[in-house]
Amino acid sequence: MLDAKFIRENPDIVRQALKDRNDKFDLDAFLSLDDERRRLMRQVEELSALQNKIAEEMKIIIKEKKDTAAKISEGKEIKKKIAEVDKTYSDLEAKFKDQLLRIPNVPHSSIPKGHPSNNKIVKEWGEKRKFDFKPLGHIELAEGLDIIDFKRAAKISGSNFVIFKGAGARLERALIAFMLDLHTQKHGFKEIFPPMLVNRDSMRGTGQLPKLEEDMYKLKDDDLFLIPTAEVPVTNIHRDEVLKEEELPIYYTAYTACFRREAGSYGKDTKGLTRVHEFDKVELVKFVKPETSYDELEKLLNNACTILEMLNIPYHVLMLATGDISFAAAKCYDIEIYAPGIDKWLEVSSCSNFEDFQARRASIRFKEKETGKLKFVHTLNGSGVALARLVVAILENYQQPDGSLLCLKF
RNA sequence: GGAGAGGUGGCCGAGUGGUUUAAGGCGUCGGUUUGCUAAACCGAUGUAUGGUCGUAAGGCUGUACCUGGGGUUCAAAUCCCCACCUCUCCGCCA
């Protein structure tokens, strides 16, 4: 979230950010809510000060063994008044906090403004493979090789679930191991294996709640959520903590399954592996000092790109426009890989700098050695990379005329 | 799931309704002493949020915070209720 004081003092910056994001949030209503809230806060505090004073005076009266009746009724009077004003105040405060959590981050000045069509291609790597036969899509390839079973997955779970079988299952496992090993051994990340069910506080910390609750799988009886990405548990590792300056930067990488309801995207990419409810992903998460976060974003992006280069999959990198970046991000790169069978670019990674937006929500701070002050860290994350769509690209890019794969021996 | 014990500042830990301004210790920072280090001694040391003064660093001031929420009371770390978490034992279980 943004700092309430920052919003109060820079309403124009926030208004512009909302406009650039095409977000309908009513800032003026928020600002007057804030005014009213502070007015009532002052009232409650003044009354509380009086109440504290009466309690102090009471101590003296008891010590001097004087009559307490008058003071007690004075105290009762104040108590009643506080209860009245405080009711209104706490209702307002709750509303204020909820609204504050619904204001998106301010986009970084370096990114294009407006509609997703303004996303800018900032990098292109590799060449689209030329086929001397008509390339198949991954569904036909996978079913021909009997390495993925969509039908039975639908039977046991529902549509848009997937079963990997035999070499397909092994490919999935091998890719996970390959990515984790690369990031831990070459890129300096520490491997984490986090819980995949998280509580409400964690979902709020990284920004999935309160706005996106309907997109999440939820266990109602326990108020737990299935994680949509490892970003959630891993970033929340340091929720409500004060880190030492010398601990930073912290790099974590984690494999998890990711669960997405994809509510509202029915009819879109309904076939195959490109949009499934449960997929595997290796995620990269960083906690860094504020002044380094944009350099760290570039490094993070490179770490993800390395995976694709080592697998020799053509990709390009988009710098997302203000209208396309996620709620919590200030700047975001998407990496898309090319799938020649279905002739589509598929997003396999989103590398974002959240600046202090998540850190403020989740209260992740560090103590600056020189000044002794507490500051919010900057958090970043990116996929390195998402599996299901990567498998699409591997199958389609490495296919041979007979429907077998160049890179897989059966 | 059952029974019991707990949750206090960066950390350890005292604290059964108002002389507590959360004792004491550790740590950290500053100082004295010192050839250097250490020790000793002295001093300082939370967070959030509002008001106000200041160009600013910051000052002054209010409020809240002893896991979280609710209650009792003129007054709650302290009493009561609920939740969460940790530990011990029992049961169940991959």
Side-chain angles (χ1 to χ4, degrees), chain A residues 1-10 30-101 193-205 209 219-225 233 236-248 250 287 356-357 359-377:
Chain A
M1 64 186 173
L2 298 177
D3 183 8
K5 202 188 279 176
F6 173 84
I7 300 171
R8 204 179 299 144
E9 287 165 4
N10 303 280
F30 176 81
L31 289 171
S32 54
L33 176 66
D34 181 44
D35 268 355
E36 182 64 5
R37 161 192 158 265
R38 277 184 300 147
R39 192 181 69 79
L40 284 166
M41 182 196 282
R42 230 170 301 147
Q43 276 185 29
V44 172
E45 287 180 355
E46 278 162 16
L47 289 168
S48 299
L50 197 54
Q51 187 181 40
N52 290 341
K53 203 175 129 230
I54 290 168
E56 281 308 303
E57 290 165 356
M58 190 70 181
K59 275 198 259 183
I60 297 164
I61 292 171
I62 289 170
K63 210 164 119 191
E64 295 176 348
K65 298 192 162 49
K66 290 183 185 159
D67 182 31
T68 57
K71 252 317 152 211
I72 287 178
S73 71
E74 199 181 328
K76 280 189 174 171
E77 200 57 36
I78 281 291
K79 194 171 146 182
K80 222 171 97 189
K81 267 191 209 159
I82 290 176
E84 280 169 32
V85 183
D86 190 61
K87 175 77 179 76
T88 322
Y89 165 70
S90 47
D91 287 352
L92 226 57
E93 179 71 21
K95 200 172 160 197
F96 170 81
K97 278 185 180 161
D98 178 76
Q99 289 294 300
L100 186 59
L101 289 173
F193 197 102
M196 300 187 203
L197 292 177
V198 298
N199 60 29
R200 190 167 280 278
D201 286 340
S202 296
M203 290 293 269
R204 191 182 300 115
L209 296 184
L219 303 182
K220 284 203 179 76
D221 289 346
D222 301 282
D223 205 30
L224 291 172
F225 297 83
N236 276 283
I237 286 174
H238 295 299
R239 171 154 54 81
D240 296 324
E241 290 186 9
V242 177
L243 303 165
K244 292 196 182 106
E245 182 175 351
E246 53 270 31
E247 289 178 271
L248 300 174
I250 295 171
F287 304 83
D356 62 7
F357 190 85
R360 181 174 289 106
R361 284 184 162 231
S363 188
I364 307 170
R365 295 175 293 178
F366 72 100
K367 193 164 204 167
E368 202 174 54
K369 192 124 194 168
E370 208 174 296
T371 60
K373 280 189 177 170
L374 293 181
K375 289 187 165 177
F376 289 110
V377 300

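Note on naming: letters A, B, ... go to the chains in the order of the sequence lines (proteins, then strands), and numbering restarts at 1 for each one.
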Notebook entry, point to check: Side chain of K76(A): nearest nucleotide among G62(B), C74(B), G51(B)?
Noted result: C74(B)
Margin query: Whether K367(A) contacts G10(B) is assessed here as follows: a side-chain N or O lying under 4.0 Å from the phosphate OP1 or OP2. Is that the case?
Written below: no
Check: Out of G18(B), G51(B), A75(B), which has the shortest distance to the side chain of K59(A)?
Finding: G18(B)
Check: Between F30(A) and F96(A), how do the two ring planes meet: parallel, tilted or perpendicular, split at 30° and 60°?
Finding: parallel
Margin query: I want to check one thing: is the phosphate of A75(B), taken as OP1 and OP2, less than 4.0 Å away from some side-chain N or O of K79(A)?
Written below: yes
Checklist line | Pairwise P distance, G6(B) and G62(B) [rounded to whole Å] | finding: 37 Å
Next item on the list: Examine distances only and state if a side-chain atom of S73(A) and a backbone atom of A70(A) form a donor-acceptor pair shorter than 3.5 Å.
Entry: yes
Check: With both distances under 3.5 angstrom, what nucleotide forms a Watson-Crick or G-U wobble pair with G62(B)?
Finding: U49(B)
Note to self: Need the pair for C79(B). Rule: Watson-Crick or G-U wobble, both distances under 3.5 Å, any strand; none if unpaired.
What the structure shows: G71(B)
Next item on the list: Return yes if some donor-acceptor pair links the side-chain N/O of N10(A) with the main-chain N/O of F6(A) below 3.5 Å, else return no.
Entry: yes
Notebook entry, point to check: When rounded to the nearest Å, what value does the distance between C1' atoms of C89(B) and A94(B) take?
Noted result: 22 Å
Next item on the list: Using the C1' atom on both, measure U34(B) against A39(B) and round to a whole Å.
Entry: 11 Å
Note to self: Could you check whether F376(A) and F366(A) have their ring centres less than 6.0 Å apart?
What the structure shows: no
Item checked: Pairwise 5' ranking along RNA chain B for G75(A) and A55(A), keeping only the more 5' one -> A55(A)
Notebook entry, point to check: Now, which nucleotide makes the Watson-Crick or G-U wobble pair with C41(B), with each of the two distances under 3.5 Å?
Noted result: G31(B)
Checklist line | Residue closer to the 5' end of RNA chain B, V44(A) versus K5(A) (nearest nucleotide) | finding: K5(A)
Next item on the list: With P as the reference atom in both, quote the distance from C74(B) to A5(B) in angstrom, rounded to an integer.
Entry: 31 Å
Item checked: Who pairs with G15(B) - Watson-Crick or G-U, where each distance is under 3.5 Å -> U8(B)
Note to self: If you compare every side-chain N and O of K373(A) against the phosphate oxygens of G58(B) (OP1, OP2), does one of them come in below 4.0 Å?
What the structure shows: yes
Note to self: Tell me whether the side-chain N/O atoms of R8(A) come closer than 4.0 Å to OP1 or OP2 in G50(B).
What the structure shows: yes
Note to self: Suppose you measure atom P in G17(B) against the same atom in C79(B); what distance do you get, rounded to whole Å?
What the structure shows: 8 Å
Check: Would you say a side-chain N or O of R42(A) is under 4.0 Å from OP1 or OP2 of G62(B)?
Finding: no
